[in-house]
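Everything below concerns the one structure shown next.
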Amino acid sequence: MEREILDSKGLREERIRKLKELKERGLDPYEGGFKRGSTIAEARDKESEFKEKRIKLCGRITALRRHGQTYFADLRDESAKIQIYIRKDTVGEEKASIFKLIDIGDFLGVEGPIFTTKTGELTVLVHGFSVLAKSIRPLPEKWHGLKDVEIRYRQRYLDLISNEKARETFKLRSRIIEKIRTLLAQRGFIEVETPMMQAIPGGAEGRAFKTYHQALDRDLYLRIAPELYLKRLLVGGMEKIFELNRSFRNEGLSTRHNPEFTMLEVYQAYADYEVMMDLTEELITGIASSILGKENFKYQGREINLKRPWKREKFSKLMEEKFKINLEDVTVGNLVDELKKTGLDSDKLEKGLTKTQLLKLLSENVEPEEPTFVIDHIADFCPLAKRHKDNKNLSQRFELFIGGLEVANAYSELNDPLEQRERLYNQWNELGEEEKREKKVDEDFVLALEHGMPPAGGLGIGIDRLVMLLTDSPSIREVVFFPQLKGRP
RNA sequence: GGGGGCGUAGCUCAGGGGUAGAGCAGCGGCCUUUUAAGCCGCCAACGAAGGUUCGAUUCCUUCCGCCCUCACCA
């Protein structure tokens with residue numbers, strides 16, 4: 001922060017000088033409140049009402065045009081923008097001279113009737129105004145706005161002031177989340193909250209953040225998923241639940257990954273992954289049609305069409321098409337060898353094949369324009385999912401891809417406690433020595449299952465990615481107010 | 001962590017081994033219906049540290065930060 005303070009010293013000092021002068025004139029700009037008569041949008045709607053009587057508006061000055069003894073300025077609140085006009089024969093000599101101390105960025109309350117200028121601009125003829133807050137830093141440029149992505153992320157408020165697109169994106173994010181809650185509530189789901197600080201982080205792949213609790217003298221981890229706790233609630237008899245909140249993964253950053261991210265997890269007792277597919281379609285098309293007003297839109301230049309029903313492609317079929325591998329005679333053990341035979345870049349395979357890598361390979365085989373459920377994955381990659389009755393190597397699971405993004409993941413939840421324990425230990429055994437020490441099998445979770453968990457469908461939707469998709473944002477940093485960045489020098 | 005690109009004024013952009021240029025913003029002046037107001041004048045910057053060189057903002061090295069990409073992950 002030190003640098004900016006020095007850099008903008010001259011501009012800042014000039015504004016502090018104006019601030020002092022305001023105070024000397026008995027007008028402390030941080031002192032007063034203001035009774036807003038209406039928002040600017042309301043004022044614009046009801047302009048005719050205020051041709052005669054006065055209106056009281058407030059907002060921030062975003063442009064200032066001095067014209068001799070008069071000023072035109074743009075006043076903006078969250079709802080809209082309106083021009084204000086200050087002239088000394090209306091506002092008075094004293095007030096007019098005070099207006100010299102106003103800068104772009106200051107907050108103002110104004111009062112006066114509305115008229116239309118000869119160029120047709122709706123304008124408040126200011127009879128009185130008060131300074132509600134003085135800005136002592138210059139705002140980014142009015143025409144080109146703020147483009148420096150680093151400043152846009154680190155000082156998001158400047159981005160929000162300068163860029164309409166940013167304001168829209170975050171408003172949409174809020175409406176999307178609100179809509180999800182409404183849609184789920186309409187279907188009888190209730191929202192629950194489970195621990196973000198967990199003794200044993202589980203329910204997903206990925207490294208956890210570690211922290212320490214003083215009084216308990218124990219290590220705790222930030223959750224990588226709420227899954228195992230939500231299933232405990234199924235055991236407890238809750239039948240339709242969801243949690244919509246943050247999870248944390250201690251992994252690298254990318255345009256699709258922020259260390260803290262927002263996930264929706266939904267569980268429905270006596271359902272399975274087929275039911276969750278329907279629910280996913282309903283949720284996402286419901287959101288799109290209510291928020292965007294349509295089911296087709298562009299994502300990064302590609303036309304996406306959400307018209308139901310969505311494609312459901314068997315994982316094995318995609319493997320067959322892409323790699324000519326028949327999953328019937330392939331196990332996880334020799335899958336890597338089989339893939340190498342297909343001439344796939346073997347460097348990538350040397351380190352072994354993770355679930356994520358495999359999905360990535362397959363997602364390249366999925367049409368980005370149409371939403372596609374990739375269903376029935378290799379069971380060994382899905383320790384929490386039920387196996388298929390007719391093929392024990394496959395699990396009742398789907399991953400949903402839209403526009404090249406993986407936006408949802410769901411399965412029929414495994415509720416056989418003995419199999420669950422075995423599969424968790426199998427997974428644990430594959431870990432490296434260090435990981436084995438950090439990650440343990442959550443026996444307490446298995447204990448819950450031993451008391452009986454109803455069959456259930458579970459669904460996870462990456463909210464940040466869904467918002468990216470619906471706001472046509474190329475990076476997760478565009479949909480998270482304060483994305484994680486490195487430290488400053 | 002690997003690879004590629006980038007870092008010039010408060011903001012948006014030029015430039016380039018020899019005095020660093022513009023627009024917006026700011027300051028001063030003229031202007032009472034402008035709106036990217038206009039006109040005149042002024043203020044203001046090469047991410048940091050080393051090196052090469054008579055001379056570095058420009059070339060080289062290291063560091064810091066940002067973007068893209070690969071890997072871990074969703």
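So you know, we letter chains A, B, ... as the sequences are listed, proteins then strands, and number each from 1. Just so it is clear, the values below take in all heavy atoms, side chains as well, and ignore hydrogens, waters and symmetry mates.
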In whole Å, what is the span from the [atom1] atom of [X] to the [atom2] atom of [N]?
| X | N | atom1 | atom2 | value |
| --- | --- | --- | --- | --- |
| A/Phe115 | B/rU32 | CZ | C1' | 11 Å |
| A/Lys118 | B/rU35 | NZ | C1' | 13 Å |
| A/Arg87 | B/rU32 | CZ | P | 10 Å |
| A/Leu158 | B/rC11 | CG | P | 9 Å |
| A/Lys100 | B/rC27 | NZ | C1' | 13 Å |
| A/Leu485 | B/rC64 | CG | P | 16 Å |

Below 30° counts as parallel, above 60° as perpendicular, anything between as tilted: where do the rings of A/Tyr71 and A/Phe99 land?
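Rings of A/Tyr71 and A/Phe99: tilted, as their planes differ by 30° to 60°.
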Return the set of residues passing salt bridge (Lys or Arg N to Asp or Glu O under 4.0 Å) with [X] (not counting sequence neighbours), or none when no residue passes.
| X | result |
| --- | --- |
| A/Arg232 | A/Asp442, A/Asp444 |
| A/Glu78 | none |
| A/Glu94 | A/Arg25 |

For RNA chain B, determine which residues of residues 63-75 of chain A have any heavy atom closer than 4.0 angstrom to one of its atoms, and list them numerically.
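Heavy-atom contacts with RNA chain B come from A/Arg65, A/Arg66, A/His67, A/Gly68, A/Gln69, A/Thr70, A/Phe72.
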Hey, does the side-chain of A/Gln83 have a donor or acceptor N/O within less than 3.5 Å of a partner on the base of B/rU34?
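Looking at the base of B/rU34, it does pair with a donor or acceptor on the side chain of A/Gln83 (distance under 3.5 Å).
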Between the base of B/rU33 and the side chain of A/Thr119, is there a donor and acceptor pair under 3.5 angstrom?
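Such a pair does not exist between side chain and base.
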Can a side chain N or O of [X] be found less than 4.0 Å away from OP1 or OP2 on [N]?
| X | N | answer |
| --- | --- | --- |
| A/Thr255 | B/rU69 | yes |
| A/Lys147 | B/rU12 | no |
| A/Lys18 | B/rC27 | yes |

Please determine, for B/rC27, whether a Watson-Crick or G-U wobble partner exists with both distances under 3.5 Å, and give it or none.
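Here B/rC27 is engaged in a pair, and the nucleotide opposite it is B/rG41.
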Among [options], the one nearest [X] by side-chain distance:
| X | options | answer |
| --- | --- | --- |
| A/Asp89 | B/rA74, B/rU32, B/rU35 | B/rU32 |
| A/Leu11 | B/rG26, B/rU32, B/rC67 | B/rG26 |
| A/Glu14 | B/rU34, B/rU32, B/rG26 | B/rG26 |

Partners meeting ring pair (Phe, Tyr, Trp, His ring centres under 6.0 Å) with A/Phe445 (sequence neighbours left out)
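Residues passing ring pair (Phe, Tyr, Trp, His ring centres under 6.0 Å) with A/Phe445: none at all.
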State which residues pass side chain to side chain contact (heavy atoms under 4.5 Å, CB included) with A/Trp428; sequence neighbours excluded, sorted by chain then number.
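Residues passing side chain to side chain contact (heavy atoms under 4.5 Å, CB included) with A/Trp428: A/Leu431, A/Lys436, A/Val441.
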